[in-house]
2 protein chains.
Amino acid sequence: MSLPHAILGLLTYQPMTGYDLKHHFDHSVNYFWSAQQSQIYRELAALEGKGYVSSCIEPQEGRPDRKVYSIIAAGKRELQEWLERFPQVLTTPYREELLVHIFFASRLPLAELKFQLQRFIRERQEQLAAYTAVDGMISDPVKIPGHPDESFYWRLTLKRGFAQARADIGWAEECIRDIEKQEGLRETGDERSEER
Amino acid sequence: MSLPHAILGLLTYQPMTGYDLKHHFDHSVNYFWSAQQSQIYRELAALEGKGYVSSCIEPQEGRPDRKVYSIIAAGKRELQEWLERFPQVLTTPYREELLVHIFFASRLPLAELKFQLQRFIRERQEQLAAYTAVDGMISDPVKIPGHPDESFYWRLTLKRGFAQARADIGWAEECIRDIEKQEGLRETGDERSEER
DNA sequence: GAATTCATGTAACTTGTTACATGATTTA
DNA sequence: TAAATCATGTAACAAGTTACATGAATTC
């Protein structure tokens, strides 16, 4: 499971509250590991229970007190060990709703499927634009004491986003071409779909 | 949620037991929606409770009785409505552990990261080979009464697998080249990534 | 006056995973 | 003799989602 380790990783940058962590998630890790606010609070409590992080309360006036979490030695060790154990793609379950729709799409008109794929292409193009914006923001090297430039690694994950989005656009375009060929076949070969 | 609809979809091909469904999952839907056996049984009970499927028991000798589920009218309606509501990519949470490792990989030697990416490339190449095998198996048109050739749609989902795997291989190769450049930089330029 | 931000969570629920239980038959 | 296949599940747990509750300060 990645959530506790993503939290531990972010806490190596600086001590943070659950609220701060949620913001960091939404602007970086979220692209490949999303988490709800309530999940973060629950996980922080679990991490504290395991002795991986410690917390201290900073009182505030007119605002709720801040409960600031810091990663401690045992947490750093746990993070390190986890980081070294890369997941195997072949055994990790994959789930993508879009493909379930397409798998059973014989129950939809070809024109509808084509329309949905066109919409998909636009969505992925928007994501490409968003990735470009993020890329601009991490253009400067980011130094964390004791480690080489973090932005180098962040950019590797971003490039994956680009590669996947581009592949999806190419795939969806090919699907649309296939559908258009299929439409031609069904018009000429199958008299039933002609009458309407 | 796709699990109930994937089950309903498979039941349109033919009435099946939970056990049969698991096999169908493992050889098709599994590539984009995986499910445990226990999850399928639980979901079948829920679908029956909602009146989307009906079951009848076929007694057997020397083997456990078969509880065969069939999709009924309300289930077909539910499936149809769901199929028409395609998911939005932008709002569906994405989770991929590999990228969490890479995001925080400044804590690993570059050589180790390179090794893991090479392993990743091999895994994706194996998947490409597996997809090619599946493609061969669905080369003949598959007819379900009342619908056009199913294999056309199955092949669209397969093509997505190919596109993503190829994109991943290209991405990982680019990462390795970036890492090798970085290795050169750290040896010559940057004297020390200081410790503290 | 309404919505958003800051900051804490809890509770209930759904979905996914892992382990267990049964027991005859077939295959290695 | 061990394992895999056929076929049913249940139980416990882990992880993810959604809704709710509090309440001052700030911005639209």
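Both backbone and side-chain heavy atoms feed into the values below; hydrogens, waters and symmetry mates do not. Here is how names work: the chains are called A, B, and so on, in the same order as the sequence lines, proteins then strands, and each is numbered from 1.
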**Prompt:** Can A/Glu84 and A/Gln80 be counted as having a side-chain donor-acceptor contact under 3.5 angstrom?
**Reply:** yes
**Message:** Rounded to whole Å, please give me the gap between CD in A/Gln37 and C1' in C/dT4.
**Reply:** 15 Å
**Asked** With a 3.5 Å cut-off and no angle check, do the side chains of A/Asp135 and A/Thr132 form a donor-acceptor pair?
**Response** no
**Prompt:** For A/Arg166, does its backbone N or O pair with a side-chain atom of A/Arg124 as donor and acceptor, under 3.5 Å?
**Reply:** no
**Fill in**
B/Gln36 CD to C/dT14 C1', in whole Å, measures 16 Å
**Prompt:** Any side-chain N or O of B/Gln39 less than 4.0 Å from the OP1 or OP2 oxygen of C/dT15?
**Reply:** no
**Prompt:** Does the side chain of A/Gln116 come under 3.5 Å of the side chain of A/Arg119 through a donor N or O and an acceptor N or O?
**Reply:** yes
**Residue whose nearest DNA chain D nucleotide is more 5′ - A/Ser38 or B/Asp20** = B/Asp20
**Request:** Name the first nucleotide and the last nucleotide along DNA chain D (5' to 3') that come under 4.0 Å of a heavy atom in chain A.
**Result:** D/dA15 to D/dA25
**Asked** B/Glu43 CD to C/dT17 P: how many Å, rounded?
**Response** 13 Å
**Asked** Pick the nucleotide of DNA chain D nearest each of A/Ala35 and A/Arg63; which residue has the one closer to the 5' end?
**Response** A/Ala35
**Prompt:** In terms of hydrophobic clustering (I, L, V, M, F, W, Y; side-chain heavy atoms under 4.5 Å; direct or indirect links), are A/Tyr13 and B/Leu108 co-clustered?
**Reply:** yes
**Prompt:** Atom CD of B/Gln60 and atom P of C/dT25: how far apart are they, to the nearest Å?
**Reply:** 12 Å
**d(CD1, B/Ile7; P, C/dG16) in whole Å** = 10 Å
**Request:** Would you mind reading off the distance between A/Glu58 atom CD and C/dA7 atom P, rounded to a whole angstrom?
**Result:** 10 Å
**Prompt:** Phosphate oxygens OP1/OP2 of C/dT17: is one of them under 4.0 Å from a side-chain N or O of A/Arg95?
**Reply:** yes
**Crowding at NE2, B/His27 (>12 non-hydrogen neighbours, <6.0 Å)** = no
**Asked** Does A/Arg66 make a side-chain N or O approach to OP1 or OP2 of C/dA7 shorter than 4.0 Å?
**Response** yes
**Message:** Assuming nearest nucleotide by heavy-atom distance, tell me which of A/Pro64 and A/Arg42 is located more 5' along DNA chain C.
**Reply:** A/Pro64
**Message:** Rounded to whole Å, how long is the line connecting atom CG of A/Leu21 with atom P of C/dA7?
**Reply:** 13 Å
**Item:** Verdict with reasoning, A/Phe103 to A/Leu99, per side-chain contact (heavy atoms from CB on, under 4.5 Å)
**Value:** CA-CA 6 Å; A/Phe103 191 83; A/Leu99 295 184; over 6 Å; no
